[in-house]
A.B. asks: 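Following this message is one structure expressed as C-alpha cells.
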Amino acid sequence: MRKLLLCGFLAFTTGLSLAQVSPRGGSTLAAPRSATPPTPKQEQQPSSGRSPAEHTAPYPPPFIWPTPPYRPERVNVDSPMRSQGTFRAPHEGASSRPSVEAAEPYRPGRPQGAAVAIQWLSFPEVLERSQVEKRKILITVYTDWCGWCKQLETTTLTNAEVAKYLNDKYYSVRFNAESSEEITFNHKTYGPKRSGSRNYHELAIELLNGRLSFPTLVFLDESHNLIQAIPGYKEPEQLLVILNYFGSDSYKTTPWDAYERNFNSKQRH
C-alpha cells in the first residue's frame, strides 16, 4: 500500500513539473532562435574615386619639369679675356631670326653623312692662323678623369654636322685643364698651378673664370675675347644651335630664347 502511494505521488509531481514547462497549445518544446551577432560598423573611408586596389598601389614619382639644355649666363667677373664691348646676355623676348645658313641639327636614328673630323689646333697654330683669317674660337676644356668629357668627344664632337660647322666657322682647340705645358696666349704666359689636391692650368682657371667644371665649352670672338663659357655635356642638336648662335653673331642682337625657338622651328619645317 505504501509503495502504491509513493509511486502515485511521484507520478503526480512529475506531471505537474511538465505542465509548468510546456507552453500552452503545443506539445513540442520549440528550440530558442539563435541570435545573429550584430556586424560591427566599419569606419567610413573618404571617397577618392579610386578602387581599393588603387589605394594600395604605389603612387608614381612626382613629375619634374625638365630644365632647358642650355641657358647662357653673363660672366660677372672681369678678366683680361673678357670682351671690352657690351655683352648682351640672352633674355626673354621675341625676335626674327637673322638670315644665316645653318647646318641641319642632328636627330637620333637619322643616317649620318660622310665622316668628317674636327680639325683640332694647338694654341700657337690658332694664333698663327688668326693672322691670316680671323675666326671665332671654340676651346673644349677637359680632364683625363672626366667621364662626361669622354662622352662629349665620342658622341657630340664626332658628329659630322658639328665637325663640318666647326671646320667652316671656328678654330677648334682641345685643352687639358691639368696640362703641365706652358702656354703663351694673348701675349701672356700661363702654367700649371696647385689648386687643392690637383694641379690646374692657369689658362683654364682664367677661361673658366675660376669655376672649374668639366667639360666646358669656351667661346672666344675673333679678337680672342671671352664670349661665353658653357659647362656641361651637350647633345649634337643642342651644340649645333649654340654654334650657330655665336658663329652668326646673333648673340649680339637676338635673345637666346627667341633664336633657339626660331632655329628649331625652321629645322622642323
Side-chain angles (χ1 to χ4, degrees), residues 72 74-75 77-89 98-103 115-143 149 152-153 156-193 200-210 212 214-231 234 239-254 259:
R74 182 172 179 171
V75 179
V77 180
D78 293 330
S79 73
M81 298 293 297
R82 186 171 175 186
S83 172
Q84 299 301 318
T86 302
F87 174 75
R88 293 193 175 188
S99 56
V100 53
E101 225 173 52
V116 180
I118 296 175
Q119 299 173 5
W120 297 108
L121 304 174
S122 65
F123 282 102
E125 289 173 332
V126 168
L127 294 175
E128 182 180 350
R129 294 199 182 192
S130 294
Q131 295 176 0
V132 179
E133 180 186 0
K134 289 189 176 296
R135 290 187 184 184
K136 291 182 176 63
I137 302 171
L138 172 66
I139 304 175
T140 305
V141 185
Y142 71 97
T143 62
C149 300
L152 182 73
E153 291 192 2
T156 303
L157 296 179
T158 58
N159 176 264
E161 294 175 68
V162 170
K164 183 178 185 305
Y165 194 86
L166 281 172
N167 292 340
D168 292 343
K169 301 290 185 179
Y170 288 83
Y171 293 131
S172 306
V173 180
R174 291 178 73 252
F175 177 38
N176 189 341
E178 295 180 332
S179 172
S180 58
E181 177 187 1
E182 283 195 349
I183 297 174
T184 300
F185 191 70
N186 277 0
H187 312 290
K188 185 177 178 181
T189 301
Y190 303 87
K193 181 179 181 180
Y200 291 105
H201 207 279
E202 290 175 324
L203 181 56
I205 296 173
E206 183 166 318
L207 290 173
L208 274 57
N209 201 28
L212 299 176
F214 312 107
T216 294
L217 302 174
V218 179
F219 291 85
L220 306 181
D221 65 13
E222 292 82 353
S223 299
H224 307 164
N225 296 309
L226 179 65
I227 301 175
Q228 189 94 32
I230 304 173
K234 298 290 178 289
L239 183 55
L240 274 170
V241 187
I242 302 171
L243 292 175
N244 278 271
Y245 184 60
F246 292 127
S248 63
D249 285 333
S250 298
Y251 72 98
K252 297 178 180 178
T253 58
T254 308
Y259 185 85

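All figures in this text were calculated on a predicted structure; none of them were measured in a lab.
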A.B. asks: Could you check whether any side-chain heavy atom of F185 comes within less than 4.5 Å of a side-chain heavy atom of V173, counting everything from C-beta outward?
C.D. replies: no
A.B. asks: Are the side chain of R135 and the backbone N or O of N167 linked by a donor-acceptor pair below 3.5 Å?
C.D. replies: yes
A.B. asks: Does some side-chain heavy atom of F175 sit less than 4.5 Å from a side-chain heavy atom of V218?
C.D. replies: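 They are not in contact (no side-chain heavy atoms under 4.5 Å apart), so the answer is no.
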A.B. asks: Got more than 12 heavy atoms from elsewhere within 6.0 Å of CD, E125?
C.D. replies: yes
A.B. asks: Evaluate the side-chain proximity of F246 to L217: yes if any heavy-atom separation is below 4.5 Å, no if none is.
C.D. replies: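 A side-chain contact under 4.5 Å is absent here.
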A.B. asks: So with a 6.0 Å cut-off around CD of E128, is the heavy-atom count from everything else above 12?
C.D. replies: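 No - once you tally the heavy atoms of other residues, nucleotides and ligands closer than 6.0 Å, there are 12 at most.
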A.B. asks: Among N159, L157, N244, find the one that has a side-chain contact (heavy atoms from CB on, under 4.5 Å) with L239.
C.D. replies: L157
A.B. asks: State whether the side chain of D221 and the backbone N or O of S223 hold a donor-acceptor pair below 3.5 Å, judged by distance alone.
C.D. replies: yes
A.B. asks: When rounded to the nearest 0.5 angstrom, what distance separates OH in Y259 from CD1 in I242?
C.D. replies: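 One gets 11.0 Å once the value is rounded to the nearest 0.5 Å.
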A.B. asks: Please check this pair: side chain of Y170 against backbone of L243, looking for a donor-acceptor N/O pair closer than 3.5 Å.
C.D. replies: yes
A.B. asks: Taking the side chain as every heavy atom from C-beta outward, state whether E178 and H201 have any pair of such atoms under 4.5 Å apart.
C.D. replies: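 The answer is no; the side chains never approach within 4.5 Å.
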A.B. asks: Before giving the answer on side chain to side chain donor-acceptor pair (under 3.5 Å), spell out for Y190 and E206 the whole-Å C-alpha distance, their side-chain angles and the decisive distance to 0.1 Å.
C.D. replies: CA-CA 10 Å; Y190 303 87; E206 183 166 318; 3.1 Å; yes
A.B. asks: What class does the angle between the rings of Y251 and Y245 fall in, given that below 30° is parallel, 30 to 60° is tilted and above 60° is perpendicular?
C.D. replies: perpendicular
A.B. asks: I'd like to know if the side chain of T156 reaches the main chain of K234, judged simply by a donor and an acceptor atom lying under 3.5 Å from each other, with no hydrogens or angles considered.
C.D. replies: yes
A.B. asks: Measure from the side-chain N and O atoms of E202 to the backbone N and O of G191, and report whether any donor-acceptor pair falls under 3.5 Å.
C.D. replies: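 It does hold such a pair.
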A.B. asks: Quickly, which of L127, T189, L203 forms a side-chain contact (heavy atoms from CB on, under 4.5 Å) with T184? Name it, please.
C.D. replies: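 Per the side-chain contact (heavy atoms from CB on, under 4.5 Å) rule, the option paired with T184 is T189, out of L127, T189, L203.
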